[in-house]
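In what follows, chains carry the letters A, B, and so on, assigned in the order in which the sequence lines appear, proteins first and then strands, with residues in each chain numbered from 1. Side chains are part of it too, since the values below use all heavy atoms of this structure and drop only hydrogens, waters and symmetry mates.
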Amino acid sequence: MPKFYDPRSIEPKWQKKWEEDKTFKAPDSSDKPKYYALEMFPYPSGSGLHVGHLKNYVPLDAFCRYKSMKGFSVLHPMGWDAFGQPAENEALKRGRNPREMVPEYAANYKRTLKLAGCSYDWGREIDSSQPEYYKWTQWFFLLLYKKGLAYRSTAPINWCPQCKTGLANEEVKEGRCWRCDSLVEKRPMPQWFFKITDYADRLLKDLDSLDWSAGMKEMQRDWIGRSEGASANFQIANSKLQIEVFTTRPDTLFGATFIVLAPEHPMVKDITTPEKISEVEAYIKKAKAETEMDRMNAERTKTGVFTGAYAVNPVNNKEVPVWIADYVMMGYGTGAIMCVPGHDARDFEFARKFNLPIVQVVSKTGQSYELAQAEPDEGLAVNSGKYDGMKTADFKATITKWLEEQKIGHHTVNYRLRDWLISRQRYWGAPIPIIHCPKCGEVPVPEGQLPVLLPEVENYKPSGTGESPLAGIPEFVNTKCPNCGGAARRETDTMGGYACSSWYFFRFADPHNDREFANKEKIAYWMPVDLYAGGIEHARSHLLYARFWTKVLYDAGYISFQEPFKILKNQGSLLAHTPGRKPKSSEGADDSEKILDWIVLKPEEMEDFPRDQIVWRWARMSKSKGNVVTPEEIAHKYGVDSLRIFEMFVAPFEDDVQWSEESINGSYRFLNRTWKWLDAALPYYKKDWREALPREMTGREAQVRRKLHQTINKVGGHIEGFQFNTAIAALMELLNELYDYWQPVEQERKVPANEAILAEILENMVLMLAPFAPHMAEELWQEIGGKGTVYKAKWPSFDANVARENEITLVIQVNGKVREKMVIPSGLSEDIVKAKAMDNSKVAEIIKGKEILKVLVIQGKLINIVIK
RNA sequence: GCGAGGGUGGCGGAACUGGCAGACGCGCCAGACUUAGGAUCUGGUGCCGUAAAAGGCAUGGGGGUUCAAAUCCCCCCCUUCGCACCA
């Protein structure tokens with residue numbers, strides 16, 4: 001037994017042992033209850049893992065280790081989200097082939113995760129860019145295709161000029177590409193979509209059954225954006241044409257004084273009168289040139305032009321002008337709105353600017369009055385003919401029914417959610433398994449011919465033309481139609497990375513299956529995922545897509561559950577104190593640059609930058625900011641167990657943490673103190689301590705045992721509640737008590753009063769340490785002759801009788817203020833507690849001569865005496 | 001603008017269904033042991049007040065409910081995140 005705590009020799013030793021023994025291998029079946037814990041699989045970047053990444057991996061690892069000790073059969077896998085643009089871009093930047101690069105980077109990640117002591121079953125490692133994996137990604141595409149959920153359309157899409165590819169709506173943030181921050185353009189291109197909108201309602205409803213954070217669910221709800229209302233047709237005056245509008249306020253129909261169409265609305269050219277054509281065309285041209293960003297700026301004033309046409313308001317037969325304006329979006333509803341300036345702020349602004357009539361049709365009082373601004377609230381109908389006086393909700397139902405009877409409208413539900421754009425005009429992705437045949441049209445690649453292999457090429461740069469680089473490879477493109485055998489062309493778009501991550505959690509249940517995406521029984525055993533952890537940045541995209549595919553699988557009869565992730569946890573980020581500077585006036589002024597008030601100073605720029613102008617901020621660790629701390633350097637200084645303890649102890653799992661090396665010393669000190677105490681107790685350890693424990697215990701012995709069992713209870717509870725910080729705090733408290741009880745320092749060491757107690761503490765402490773500091777725990781477990789690995793040892797059991805306090809500190813309040821405390825036996829009757837409190841000399845002093853109004857006793861805690 | 005979190009010592013953070021605010025750690029102060037210590041051990045550490053007590057004040061601000069409020073209710077301020085002309 002080494003005298004001193006030496007993580008640098010202990011840690012590699014046990015990591016090697018775990019690997020050799022396949023300690024963390026998840027069985028294919030077991031009598032034990034299963035537990036499937038999963039972290040979002042990472043894209044292995046060239047920068048490697050830093051301590052910030054471990055903020056997620058380490059607590060989840062502790063959780064899995066705990067579950068294993070609690071008797072669960074644990075599945076804790078890891079794999080690589082290797083396809084997609086991050087990998088491709090990095091490969092391009094470094095002039096390397098992603099095929100060679102990705103495995104290297106993955107190996108580097110794996111090395112660091114092992115260094116951190118993470119308990120993955122590496123036998124289940126997957127790589128989404130390998131044909132054996134993406135064969136099944138393609139299979140999923142075909143499944144969706146067969147179900148009518150994959151289609152090709154030339155609708156205008158979000159085009160990122162920098163990435164040279166289309167982006168799904170979820171990948172556009174504030175009008176910019178989420179990866180490169182370029183302004184996104186609208187571009188019409190034939191593209192593949194998945195019909196996620198068919199599932200909008202179910203994706204929304206089933207959120208209720210999930211144990212996810214309120215914020216997370218809310219973000220999904222917002223993104224799906226369900227709104228209920230009615231559609232109504234407006235006849236164009238002197239024409240057979242009709243315009244369909246969508247409104248959530250059909251009750252305000254009488255107040256609709258004009259119609260606005262989106263500039264892209266297909267009917268614009270049909271209704272515009274000859275004298276307005278040039279003006280309208282000019283406006284459309286201008287609107288087209290505008291970026292998403294411009295259009296989204298709500299601050300700017302409204303613009304629009306009159307088309308010269310009038311529509312007839314069906315409820316009162318009044319003719320209302322039809323305008324076009326860019327504040328109406330083609331992508332939402334019908335791309336046309338009826339405008340009720342009295343009760344919609346945007347319409348109000350527009351009407352004011354262009355002098356259009358404003359009519360009040362809803363009133364708080366039932367009387368009409370001058371409107372100073374739009375009043376969007378509910379109330380009573382006014383100026384609405386025979387409906388006057390009706391309440392908003394009733395009026396909505398009544399008028400919707402009327403529209404239906406007249407066959408000019410109906411009740412409608414609208415979603416903000418759009419279909420999922422899956423096409424990428426890029427090389428590094430799973431090819432879409434479709435063949436275009438001049439005779440047969442679109443033909444899916446027969447399942448037996450999967451995978452459609454991604455060809456090995458020299459040049460995989462995005463083409464300038466907007467086409468995928470695959471289009472330039474005749475051997476790939478030219479093929480035979482599976483239907484008629486004639487010459488045909490392969491689809492050259494690849495699937496975006498989110499396709500791979502929409503089903504990988506199934507694959508982990510059966511990662512090497514070459515006949516199915518995963519075996520049904522294995523899925524039935526392991527799925528759904530019990531605990532899923534990852535960054536909040538995937539709140540919409542990934543989690544929505546994964547839920548969608550799961551529902552498709554359910555509908556197709558492959559699985560028996562509808563939601564993949566029962567519990568979801570989002571870890572906070574690790575922030576590093578990062579030097580930066582204010583932007584120069586030349587920077588940020590340009591509209592195409594993201595406006596920033598702080599720019600990171602690279603380490604190389606730091607040297608000759610004036611000290612007093614450096615602005616320090618807390619920023620997320622990333623290699624590009626030059627503020628990363630690697631697990632390697634910390635492991636070298638303190639050992640990885642200290643790093644693990646620090647990451648879990650410093651703050652709750654969901655919170656952001658400011659990295660500082662000072663506080664890691666506290667974790668190191670804790671482990672050192674623990675080691676010292678346990679090491680000193682070792683000579684007294686006996687396996688049969690249970691029999692040797694005296695029946696009755698008093699004084700210090702009873703006290704320290706009480707603390708031990710209270711700690712066992714707390715630590716387990718805190719881990720279950722995902723409160724790793726307080727779990728570790730409880731262990732620290734126990735350790736403080738242990739030092740109080742018995743000093744491990746040789747000079748001061750006394751012969752322990754009871755050796756069996758030392759043994760009990762030692763054994764239980766080792767077990768409780770195991771999830772957090774697994775290397776130290778294994779070492780000590782071995783020292784006390786524990787069987788096998790501590791990973792599979794049984795979690796300590798809590799004895800409520802031992803933990804029970806036999807005395808309590810009674811807090812005595814007078815008029816709600818603490819005046820005295822006294823130690824009394826627990827379990828006394830209320831009357832006796834009262835009597836004891838009144839008897840206390842200090843209390844007696846205070847209440848002397850006062851009238852006692854009330855005495856409240858909270859058993860086991862406190863007494864409050866109310867006096868006058 | 002809308003929606004969801006959050007505001008507690010010098011710092012990170014504790015506090016079960018309302019019941020001792022500040023667990024645990026960092027930092028700081030003092031002592032012990034030491035050639036030394038940025039090691040280790042022991043004690044102290046919210047603020048005001050005092051020689052020490054007593055006592056008073058404290059959970060962003062203001063009001064309220066209650067014997068009792070960080071916790072529940074109302075108003076306001078700040079902050080983080082998400083969405084943003086969604087009809």
- Message: I want to know whether A/Y668 and A/F670 have ring centres closer than 6.0 Å.
- Response: no
- Taking the six-membered ring for Trp, are A/F258 and A/W323 ring centroids under 6.0 Å apart? no
- Do A/K55 and A/F653 meet the cation-pi criteria used here (NZ or CZ under 6.0 Å from the six-membered ring centre, within 45° of the axis)? yes
- Separation of B/U79 atom C1' from A/W618 atom CH2, nearest Å, is 18 Å
- Closest to the 5' end of RNA chain B, once A/S660 and A/D344 are matched to their nearest nucleotides, is A/S660
- Which part of the nucleic acid, if any, lies within contact of A/R221, taking any heavy atom under 4.0 Å across all strands shown: a base, the sugar-phosphate backbone alone, or nothing? nothing
- Query: Is B/G5 in the syn range, within 90° of 0, or in the anti range?
  - Reply: anti
- Query: If we take the P atom in both B/G3 and B/C75, what is their distance in whole Å?
  - Reply: 13 Å
- Atom CZ of A/R700: over 12 foreign heavy atoms under 6.0 Å: yes
- How many Å lie between CG on A/N665 and C1' on B/G38, as a whole number? 9 Å
- Salt bridge check: are A/D208 and A/R221 linked by an N-O gap of less than 4.0 Å? yes
- Message: Can you tell whether the side chains of A/K302 and A/E349 come within less than 4.0 Å, N to carboxylate O?
- Response: yes
All N/O pairs under 3.5 Å across the protein-nucleotides 63-67 of chain B interface:
| from | atom 1 | to | atom 2 | distance (Å) |
| --- | --- | --- | --- | --- |
| B/C67 | OP1 | A/K854 | NZ | 3.4 |
| B/C67 | O2' | A/N864 | ND2 | 3.2 |
| B/C67 | O2 | A/N864 | ND2 | 2.6 |

- Between B/A87, B/G19, B/C26, which nucleotide gets closest to the side-chain atoms of A/L862? B/G19
- Query: Residues in side chain to side chain donor-acceptor pair (under 3.5 Å) with A/Q859, at least two apart?
  - Reply: none
- Integer angstrom distance from the C1' of B/A58 to that of B/G9: 10 Å
- Salt bridge A/R8-A/D6, side-chain N to carboxylate O under 4.0 Å: no
- Side-chain-base donor-acceptor pair under 3.5 Å for A/K302 and B/C85: yes
- Message: For the backbone of A/T809 and the side chain of A/K821, can you confirm whether one donor and one acceptor N or O come within less than 3.5 Å of each other?
- Response: no
- Message: Under 4.0 Å, heavy atoms only, any strand: does A/G333 hit a base, just the sugar-phosphate, or nothing?
- Response: nothing
- Message: Do A/R819 and A/I812 make a side-chain contact, defined as non-hydrogen atoms from C-beta onward lying under 4.5 Å apart?
- Response: no
- B/U17 and B/C73: how far apart are their P atoms, nearest whole angstrom? 14 Å
- Taking NZ from A/K861 and P from B/G18, how many angstroms apart are they, rounded to a whole number? 10 Å
- Message: I need the residues from residues 729-737 of chain A with at least one non-hydrogen atom less than 4.0 Å from RNA chain B; give them sorted by number, or say none.
- Response: A/A729, A/M732, A/E733, A/N736
- Message: Is any side-chain heavy atom of A/L810 closer than 4.5 Å to one of A/K836?
- Response: no
- Gap separating the CD atom of A/E171 from the CG atom of A/L421, nearest 0.5 angstrom: 7.5 Å
- Note on the structure: Whole-Å distance, A/K821 NZ to B/C20 P, equals 9 Å
- Message: For A/Y638 and A/F646, I'd like to know if the aromatic rings sit close, meaning centre-to-centre distance below 6.0 Å.
- Response: no
- Query: Can you find a side-chain donor-acceptor pair between A/S227 and A/N414 that sits under 3.5 Å?
  - Reply: no
- Task: Using the C1' atom as the reference point in each nucleotide, state the distance between B/C47 and B/A36 in Å, no decimals.
- Result: 38 Å
- If pairs are Watson-Crick or G-U with both distances under 3.5 Å, what is the dot-bracket string of RNA chain B, marking crossing pairs with [ ] and pairs to another strand with |? (((((((..(((......[....)))((((((.......))))))(((......)))..(((((..]....))))))))))))....
- Message: Quick one about A/S231 and A/E244 (side-chain donor to acceptor, distance below 3.5 Å, no hydrogens or angles considered), yes or no?
- Response: yes
Shorter than 3.5 Å, N or O on both sides, protein versus nucleotides 54-57 of chain B: list them out with atom names.
| from | atom 1 | to | atom 2 | distance (Å) |
| --- | --- | --- | --- | --- |
| B/G56 | OP1 | A/R819 | NH2 | 3.3 |
| B/G56 | OP2 | A/R819 | NH1 | 3.4 |

- Distance in angstrom units between A/F246 CZ and B/C85 C1', rounded: 15 Å
- Query: Any idea which of B/U40, B/C85, B/C83 is nearest the A/M329 side chain?
  - Reply: B/C85
- Result for 5'-nearest mapping on RNA chain B, choosing between A/I536 and A/N672, is A/N672
- Message: So, OP1 or OP2 of B/A84: does either fall under 4.0 Å of a side-chain N or O from A/R416?
- Response: yes
- Task: Determine: side-chain N/O of A/Q743 to OP1/OP2 of B/U42, distance under 4.0 Å, yes or no.
- Result: yes
- Under 4.0 Å between a side-chain N or O of A/R620 and OP1 or OP2 of B/C81? no
- May I have the distance from A/L261 (atom CG) to B/C85 (atom P), rounded to whole angstrom? 19 Å
- CG of A/D251 to OG1 of A/T392: how many Å apart, nearest 0.5 Å? 5.0 Å
- Using the C1' atom on both, measure B/A14 against B/G7 and round to a whole Å. 16 Å
- Select one nucleotide: of B/C26, B/A87, B/C41, the one nearest the side-chain heavy atoms of A/S227. B/A87
- Task: Starting at the 5' end of nucleotides 3-14 of chain B, put B wherever the base has a protein heavy atom under 4.0 Å, S where only the sugar-phosphate does, and a dash everywhere else.
- Result: SS-------BSS
- Query: Does the pair A/T674 and A/Y5 meet the rule for a side chain to side chain donor-acceptor pair (under 3.5 Å), with working shown?
  - Reply: CA-CA 9 Å; A/T674 305; A/Y5 174 47; over 6 Å; no
